[in-house]
Engineer: 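Here it is: the structure, laid out below.
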Amino acid sequence: MNSTPLYRRNILARKACLDKEKISAEAYQKEQARASKLPLQQDDFLLSLNEPHLSARAEELDDLFQRVGPEGFACKELGTVLANAVVLLKDWLDQEDCYATEELQALITLLEGYLLSTENYDYRRVHALVMQFLNICEEYEAGLGHSVKQRCQKKRIAALIETDFMEVYAGRDAFRSKLKALGVYDPLTYDMSHPMDSLFLFWPSFQALPLTFFTRSLRYNIKPIGILAARWAFHDGRLFPRSLFYRHDRFHARQQSQGHITDRDSKQTLLEAREHAVGTITQDKDIQLAIWLLLFTEHHEAALDLLSRGQYAASLETLADMIEEHDQLTKTITPLHLEAGKVILDYVEPRLPMRRSRPKRSY
């Protein structure tokens, strides 16, 4: 079996994507470094879903959303994503190549005005503001380094700032047509009319998440929707710009939302039993991390199809291509660790409470 560390395979895959998009490695690294230094607020609520034990506040908001739905839901924690959007915009204002100072300041004023207007932030309003922010990000970044385009981009940004994105909930198609009339030809809009949108609380956030999150968070009807602090991110073996990453995460969350969680305590029991069983078999940190990688794979569409067809070796290749640094990947993990993790999971999973046997897989 190929023993090349997965982090090295990740670097090679990312380089191929950058070359394809004609983005220099220097520009990519510079943008990642800029984004990593932003003083973003930590999304404590979202990270609480990753705690070993159930979070009382997460249970409370999960239950509230089930009672009132998207139209009636509001909470103070939703303000974090808007506060972080303001941080990003202010950083852009400080950059030497900023070409839309007045327009970006107007958006900052809009976001800060809403943050100061209430203590509980309306779910639909927050999502509307996030869509507005992301559309403006796309228009602004399209003008960076292209002085000829910047005058046109500034006009589009100004028009988007004047647009009330809450109108999307009155009719997505009509609203998209309105934005296209402004020259925004592929607007980023969601009206929350999808059936899953009334069952699952979609949580927009800039927070990078650890691998453990993707299994532990299944105890709640809450799905993270990632927002990039950087202009691009390498993910799922592809290079995503900010708006496409958001689209991907929205689709990804809906695809993962299979079934309606009604017994949170059973999910917690399953999690505790798995972690205890794995800890009894091995204390090797690399193998334990490999097990989290395998669990992550089973909830990720890029490798799920391969797993379902028993093509386990191919799924490992896919996994290696989609891992990014913030997934807590150590430089010692190789496919051999994943093979050991696979053996342990195939032994543990059938013995867990309320768990069907895992299918036999071979390399």
Side-chain angles (χ1 to χ4, degrees), residues 36 40-66 75-81 83-84 199-229 233 235-236 245-246 248-250 252-259 261 263-279 283 285-304 319 322-330 333 341 345 348-349 352 355:
S36 69
L40 300 176
Q41 291 183 30
Q42 179 171 284
D43 194 331
D44 292 328
F45 173 77
L46 194 58
L47 289 176
S48 74
L49 274 60
N50 187 51
E51 292 298 320
H53 301 289
L54 287 168
S55 160
R57 180 58 173 167
E59 288 183 275
E60 178 187 356
L61 294 187
D62 191 354
D63 293 340
L64 174 62
F65 187 81
Q66 300 308 309
C75 69
K76 62 182 180 181
E77 288 88 349
L78 278 170
T80 301
V81 65
N84 283 332
L199 295 177
F200 291 88
L201 172 55
F202 292 135
W203 194 269
S205 180
F206 286 85
Q207 185 67 52
L209 298 170
L211 280 167
T212 49
F213 180 91
F214 296 96
T215 294
R216 289 175 175 169
S217 65
L218 294 177
R219 298 170 293 176
Y220 310 93
N221 297 301
I222 302 170
K223 300 293 180 183
I225 306 295
I227 301 174
L228 299 179
H235 177 75
D236 279 10
F245 183 85
Y246 183 80
H248 169 83
D249 244 25
R250 287 287 301 237
H252 188 33
R254 284 175 174 171
Q255 290 296 101
Q256 290 181 2
S257 303
Q258 308 231 347
I261 300 172
D263 190 347
R264 200 180 289 122
D265 290 334
S266 295
K267 295 283 184 179
Q268 176 68 14
T269 299
L270 179 66
L271 177 67
E272 290 176 341
R274 178 189 292 118
E275 292 186 348
H276 174 74
V278 169
Q283 289 295 312
K285 297 301 182 183
D286 289 335
I287 295 177
Q288 288 183 347
L289 178 57
I291 287 171
W292 283 111
L293 286 169
L294 291 169
L295 292 168
F296 167 74
T297 305
E298 292 198 356
H299 297 287
H300 211 282
E301 74 271 8
L304 186 58
L319 179 63
M322 72 186 185
I323 294 167
E324 183 57 291
E325 288 85 350
H326 72 247
D327 287 324
Q328 295 185 339
L329 185 64
T330 71
I333 295 293
L345 279 179
V348 165
E349 291 290 299
L352 296 179
R355 188 66 148 165

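For this chain, numbers begin at 1 and follow the sequence in order.
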Engineer: Could you walk me through whether K223 and L218 pass the side-chain contact (heavy atoms from CB on, under 4.5 Å) check?
Structural biologist: CA-CA 9 Å; K223 300 293 180 183; L218 294 177; 3.8 Å; yes
Engineer: Measuring from atom NZ of K267 to atom CG of L54, what distance do you get when rounded to the nearest 0.5 angstrom?
Structural biologist: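 Reported value, rounded in 0.5 Å steps: 12.0 Å.
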Engineer: Which distance, rounded to the nearest 0.5 Å, do you find between the CD of Q283 and the CD of Q288?
Structural biologist: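 Here the interatomic distance stands at 5.5 Å.
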Engineer: With side chains defined as the heavy atoms from C-beta onward, is the minimum distance between L199 and N221 less than 4.5 Å?
Structural biologist: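 L199 vs N221: side chains apart.
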Engineer: To the nearest 0.5 Å, what is the distance between CG (L49) and CD1 (I222)?
Structural biologist: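 Between atom CG of L49 and atom CD1 of I222 there are 4.5 Å.
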Engineer: L47 and A208: which non-hydrogen atoms are nearest, and at how many Å?
Structural biologist: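 Heavy atoms only, the tightest pair is CD2-O, 4.4 Å.
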Engineer: What is the minimum heavy-atom distance between D249 and P224, and which atoms define it?
Structural biologist: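 So the two residues come closest at OD2-O, 4.0 Å.
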Engineer: With no hydrogens and no angle check, just 3.5 Å: does a side-chain donor-acceptor pair link N50 and T212?
Structural biologist: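 Yes, a side-chain donor-acceptor pair sits under 3.5 Å.
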Engineer: Please walk me through it: do D62 and R219 pass salt bridge (Lys or Arg N to Asp or Glu O under 4.0 Å)?
Structural biologist: CA-CA 10 Å; D62 191 354; R219 298 170 293 176; over 6 Å; no
Engineer: Between CG of L271 and OG of S266, what distance do you get to the nearest 0.5 Å?
Structural biologist: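 Between L271 CG and S266 OG, I get 12.5 Å after rounding to 0.5 Å.
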Engineer: Taking the basic N atoms (NZ, or NE/NH1/NH2) and the acidic carboxylate oxygens, is any pair closer than 4.0 Å for R216 and E275?
Structural biologist: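 Yes, R216 and E275 are salt-bridged.
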Engineer: State, to 0.1 Å, how close E272 and H53 come at their nearest heavy-atom pair, and which atoms those are.
Structural biologist: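 That closest heavy-atom pairing would be OE2-ND1, 3.4 Å.
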Engineer: Testing the basics here: between W203 and C75, what is the closest heavy-atom pair and its distance to 0.1 Å?
Structural biologist: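 The pair with the smallest heavy-atom distance is CH2-SG, 3.7 Å.
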Engineer: Knowing that exactly one of V81, T80, L46 qualifies, which makes a side-chain contact (heavy atoms from CB on, under 4.5 Å) with P204?
Structural biologist: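 One option only clears the test, and that one is V81.
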Engineer: Of the non-hydrogen atoms in D43 and S205, which two are nearest, and what is the gap between them?
Structural biologist: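 Taking every non-hydrogen atom into account, OD2-OG, 2.8 Å.
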Engineer: Testing the basics here: between A277 and V348, what is the closest heavy-atom pair and its distance to 0.1 Å?
Structural biologist: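 Nearest pair, atom of A277 first, then V348: CB-CG1, 3.8 Å.
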Engineer: If I take atom CG from residue D265 and atom CD from residue E59, how far apart are they, to the nearest 0.5 angstrom?
Structural biologist: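 It is 7.0 Å, given to the nearest 0.5 Å.
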Engineer: In Å and rounded to the nearest 0.5 Å, what is the CD to CG distance from E77 to D44?
Structural biologist: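 Spacing of CD (E77) from CG (D44) equals 9.5 Å.
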